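Heads up, the thing below is written out as structure tokens.
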Amino acid sequence: MGLQNTRTSNYADWYLNVVKAADMAENSPARGCMVIKPWGYGIWENIKSSLDEMIKETGHENCYFPLFIPLSLFQKEADHVDGFAKEMAVVTHSRLENKDGKLTPASPLEEPLVVRPTSETIIAESFAKWVGSYRDLPIMINQWANVVRWEMRTRMFLRTAEFLWQEGHTAHSTEEEAVDETLTMIECYRKLAEDYMAMPVIVGRKTELDKFPGAVDTYGIIAMMPDGRALQAGTSHYLGQNFAKSANISFQNKNNKPEFAYTTSWGVSTRLIGGLIMTHGDDEGLKVPPRIAPYQVVIVPIYRNDDTTSRDEVNEYAENLEKELKKSMPFGEKIRVKFDKRDRTPVDKRWEWLRKGAPIVVEVGPKDIEKNSVAVVYRNRMEDKKQFIDFNEFTATTKAKLEEIQTEMFENAKKLRDESIIEIDNWDDLVAHFKPKNKFLEAEGKSPAFVKIKWCGCNEQELEDKLKEFQAAIHCITNEEAKGKCVVSGEDNARYEVLVARSY
RNA sequence: CGGGGUGUAGUUCAGCCUGGUAGAACGCUUGCUUUGGGAGCAAGAUGCCGUGGGUUCAAAUCCUGCCACCCCGACCA
């Protein structure tokens, strides 16, 4: 049956249908905020634990900074203020009073508190206290937290007023070390997206106009969605001494001279899940790559005729299957198996798990007990018939199968992505490419959706303004040493290769 | 924040123009029949018609304030 809206009929509604069909999240009474339900949160937890391990392996420690940031503190870095001021939630009162039956804010705060949109400022303030000598550096910390950005227009997972993320913050004694850190972390994000989420990304540096407010350089991973738009999926910033200067993070260097520290920050958010949905969703619902699937294998029992004996036998058989499966270690981790004993029909349960995108759904019933087999559906191959596989063969090959599915999902997504990138070497073709409002259908045809152009770096503002007319933008610099003709100036002086696309 | 649209059962929606007992499908409950690729029959249950005002003998329906969601812009990590 599938979803009500397909990707080709109505992409935006299709996306919401998947979120609902997979039971990942729903809207909440607070505008622009969402309730993340167990299946959605389970995916987030797996993303989180995968990345957390990488963060720790690269020498960082977790900690926690407060949700509230004094307004004055936020104000210190001018570019930073400009970048975030328009989307800030501000706490101004400390009490509610009952006025004629209506609760009314009362007792104004002496200094308003902003709800963190990101924590550079408050963390820099602490860094300043923690750092005295070069021996105190580097400081490398991370926090898992929620942040609030008062967005005008929200979309589940892709852009919500409150979202969950991880933000890493480091301070170093040299520029070189800080730049290195910035690049190390963007590489972690690439690995997270590609190796764990099976979501191919392009790594690049942001242009001058597009970087993080207050940063010297911003690097990003960009995922390309099947509707032809690009999604910024993670960023890593080299902040230079900008925040160090405004928060006075200074240290005495080896020459006994005071010097400002070099800081970085980097983050990925629940937006990744939006990318996951679009990369791997189809007209039946979601597909979750095994490595981050809350359940990798779901066992659905089939009982017959309310016959208690057969029911017990089936349960025993299923429990044995669960036990055997749990001996395998796909991706070197404990396998995640769910034995779904809920009181629903087997058919309902099967389709529910397939909509949610569990990689393998396996049914066991009386016939299987007789033949010592199991009935298996693979989510990434739903068009195939249900396969009846020998019990022992199934348990012995599940690990390899999950790993194979993971690879296949990545390869498929990558193939689609690669097919939709073209190079354009002159302005007219670039305009012609973006002119039609390319809905998914047009993008799905042969016309590629993402464009690489060569550029000398000239007239950035004008270029962005022009691209904006076609709802497109420069996403990042994919090659810093390109040669050839600049698409904008027409001169033979290109320095960069940049990625241009419509964006989320 | 501007323009447009929507809000009715758990879900998707009809009803609104032209005011007069609250509807359908799916889902849910119960029973029977089925039973391994989205079951069938029968009987049931389910509503502050988003919300506050107004017009009217009478409002889901007309007017209006607010709220939320969706789309298009503007804005933006």
Side-chain angles (χ1 to χ4, degrees), chain A residues 1-5 10-17 20-21 23 26-34 80 82-88 102 117-118 120 147-156 158-161 163 165 167 206 209-215 218 220-222 230-237 265-271 274 284-285 300-307 310 314 343-355 361-371 373-377 382-388 437 439 468-469 471 473 475-476 503-504:
Chain A
M1 236 198 290
L3 302 178
Q4 192 168 11
N5 291 286
N10 187 335
Y11 197 81
D13 279 352
W14 165 82
Y15 176 84
L16 290 166
N17 282 172
K20 188 178 277 185
D23 203 26
E26 62 191 27
N27 280 311
S28 79
R31 176 204 190 109
C33 299
M34 64 179 175
H80 193 63
D82 284 352
F84 283 104
K86 275 170 280 183
E87 49 187 45
M88 204 76 75
K102 272 194 180 164
T118 178
E120 273 75 8
V147 287
V148 169
R149 295 179 189 176
W150 215 250
E151 300 288 351
M152 286 299 129
R153 197 172 160 188
T154 59
R155 297 191 71 183
M156 291 256 196
L158 292 172
R159 179 176 285 116
T160 45
F163 55 92
W165 80 345
E167 52 179 320
K206 295 253 150 202
L209 287 173
D210 208 19
K211 62 192 194 189
F212 179 75
T218 290
I221 53 169
I222 292 125
L231 179 75
Q232 186 68 58
T235 45
S236 183
H237 317 290
S265 67
W266 26 274
V268 294
S269 71
T270 36
R271 175 179 245 204
E284 293 284 352
V300 174
I302 293 171
Y303 310 119
R304 196 172 269 177
N305 297 332
D306 283 335
D307 175 346
S310 109
V314 169
D343 183 18
R344 306 268 166 85
T345 70
V347 172
D348 279 355
K349 286 192 274 191
R350 180 201 315 135
W351 286 105
E352 180 187 327
W353 290 113
L354 292 174
R355 277 198 307 273
V361 176
V362 49
E363 299 171 20
V364 293
K367 279 191 206 166
D368 296 302
I369 299 178
E370 275 173 39
K371 293 184 294 184
S373 67
V374 296
V376 186
V377 184
M382 279 223 295
E383 64 281 5
D384 292 353
K385 285 266 181 246
K386 180 161 28 181
Q387 298 178 40
F388 293 88
K437 288 222 172 190
K439 295 278 164 14
K468 198 177 271 181
E469 289 176 27
Q471 287 95 46
H475 272 271
C476 67
S503 55
Y504 268 101

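Below, chain A is the first sequence line, B the second, and so on; all start at residue 1. Note that the coordinates shown come from a computational prediction; the quantities given were computed from them, not determined experimentally.
- For B:rA39, the paired base is B:rU33 (Watson-Crick or G-U wobble, both distances below 3.5 Å).
- Residue A:Pro366 is classed as a base contact, given a heavy-atom separation below 4.0 Å to a base.
- The nearest heavy atom of RNA chain B to A:Pro346 and to A:His475 marks one nucleotide each, and the one closer to the 5' end goes with A:Pro346.
- A gap of 27 Å separates the C1' atoms of B:rC17 and B:rU11, to the nearest Å.
- Looking at heavy-atom distances under 4.0 Å, A:Asp210 makes no contact with the nucleic acid at all.
- The partner of B:rC28 is B:rG44, judged by Watson-Crick or G-U wobble contacts that both fall below 3.5 Å.
- The partner of B:rG23 is B:rC13, by the rule that a Watson-Crick or G-U pair needs both atom distances under 3.5 Å.
- Base-pair partner of B:rU51: B:rG65 (Watson-Crick or G-U wobble, both distances under 3.5 Å).
- Between A:Glu120 and A:His80, the shortest heavy-atom distance links the atoms OE1-CE1, 4.1 Å.
- Regarding A:Ile302, its CD1 atom lies at a distance of 5 Å from the C1' atom of B:rG36, rounded to whole Å.
- For A:Lys386, the side-chain atoms get nearest to B:rG37 when compared with the rest of B:rA74, B:rG37, B:rC71.
- Rounded to an integer number of Å, the gap from CH2 of A:Trp351 to P of B:rG27 is 15 Å.
- Counting any heavy atom pair closer than 4.0 Å across all strands shown, A:Asp384 reaches a base atom.
- At a threshold of 4.5 Å between non-hydrogen side-chain atoms, the residues A:Phe84 and A:Thr118 count as touching.
- When heavy atoms are screened at a 4.0 angstrom cut-off, A:Arg355 is found touching base atoms of the nucleic acid.
- Distance check on atom C1': B:rC32 versus B:rA9 gives 27 Å, rounded to whole Å.
- Under the Watson-Crick or G-U wobble criterion, with both distances below 3.5 Å, B:rC76 is left unpaired in every strand shown.
- Nearest nucleotide to the A:Asp13 side chain, out of B:rG37, B:rG36, B:rC70: B:rC70.
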**Request:** Can you check each nucleotide of nucleotides 4-11 of chain B against protein heavy atoms at under 4.0 Å and return B for base, S for sugar-phosphate only, - for none, in 5' to 3' order?
**Result:** -------S

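- With a 4.5 Å cut-off on side-chain heavy atoms, A:Lys349 and A:Pro301 count as touching.
- Ring geometry, A:Tyr11 versus A:Trp14: the interplanar angle falls from 30° to 60°, so the pair is classed tilted.
- Counting only heavy atoms from C-beta outward, the side chains of A:Cys33 and A:Thr160 never approach each other to under 4.5 Å.
- Rounded to whole angstrom, the span from the OH atom of A:Tyr15 across to the P atom of B:rC70 amounts to 11 Å.
- Nucleic acid contact for A:Lys206: base, since at least one base atom lies under 4.0 Å from a heavy atom of the residue.
- Nucleotides B:rG4 and B:rU46 have their P atoms positioned 41 Å apart, rounded to a whole Å.
- A gap of 11 Å separates the C1' atoms of B:rA60 and B:rG47, to the nearest Å.
- Among the protein residues, A:Phe388 comes within range of the nucleic acid bases, having at least one heavy atom under 4.0 Å from a base atom.
- Between A:Ser503 and A:Asp343, the residue anchored nearer the 5' end of RNA chain B, judged by the nucleotide with its closest heavy atom, is A:Asp343.
- Under the 3.5 Å distance criterion, the side-chain polar atoms of A:Tyr15 are matched with a main-chain donor or acceptor of A:Met156.
- A gap of 15 Å separates the P atoms of B:rU64 and B:rG3, to the nearest Å.
- Between A:Lys468 atom NZ and B:rC75 atom C1' the separation is 8 Å, expressed in whole Å.
- Residue A:Leu354 contributes atom CG, which lies 14 Å from atom C1' of B:rG36 at whole-angstrom precision.
- Heavy atoms of A:Arg159 sit under 4.0 angstrom from at least one base atom.
- Counting non-hydrogen atoms of other residues, nucleotides and ligands closer than 6.0 Å to CH2 of A:Trp165 gives a total above 12.
- Going from the P atom of B:rC49 to that of B:rU61 covers 10 Å, rounded to whole Å.
- Note on A:Gly234: nothing from the nucleic acid sits closer than 4.0 angstrom, heavy atoms only.
- When rounded to the nearest whole Å, the span between CH2 of A:Trp14 and C1' of B:rC71 equals 18 Å.
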**Request:** Applying side-chain contact (heavy atoms from CB on, under 4.5 Å), run through A:Val361 and A:Val300 and close with a yes or a no.
**Result:** CA-CA 7 Å; A:Val361 176; A:Val300 174; 4.0 Å; yes

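- Distances were taken from every side-chain heavy atom of A:Arg31 (C-beta onward) to each of B:rG38, B:rC70, B:rA68; the shortest belongs to B:rA68.
- Minimum atom distance to the side chain of A:Glu363 is reached by B:rG36, of the listed B:rG36, B:rC71, B:rA74.
- Between A:His237 and A:Lys211 the shortest side-chain heavy-atom distance does not fall below 4.5 Å.
- Rounded to whole Å, the separation between the P atoms of B:rG10 and B:rG27 comes to 16 Å.
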**Message:** Using side-chain contact (heavy atoms from CB on, under 4.5 Å), reason through A:Val377 and A:Trp353 one step at a time and then give a plain yes or no.
**Reply:** CA-CA 10 Å; A:Val377 184; A:Trp353 290 113; over 6 Å; no

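- Comparing the same atom, C1', in B:rG15 and in B:rU21 gives a spacing of 15 Å after rounding to whole Å.
- Whole-Å rounding puts the A:Asn27 CG to B:rC70 C1' distance at 10 Å.
- We find that CG of A:Asp348 is positioned 6 Å from P of B:rC28, with the value rounded to whole Å.
- The A:Ala375 side chain lies nearest to B:rG36 when the options are B:rG36, B:rC70, B:rC76.
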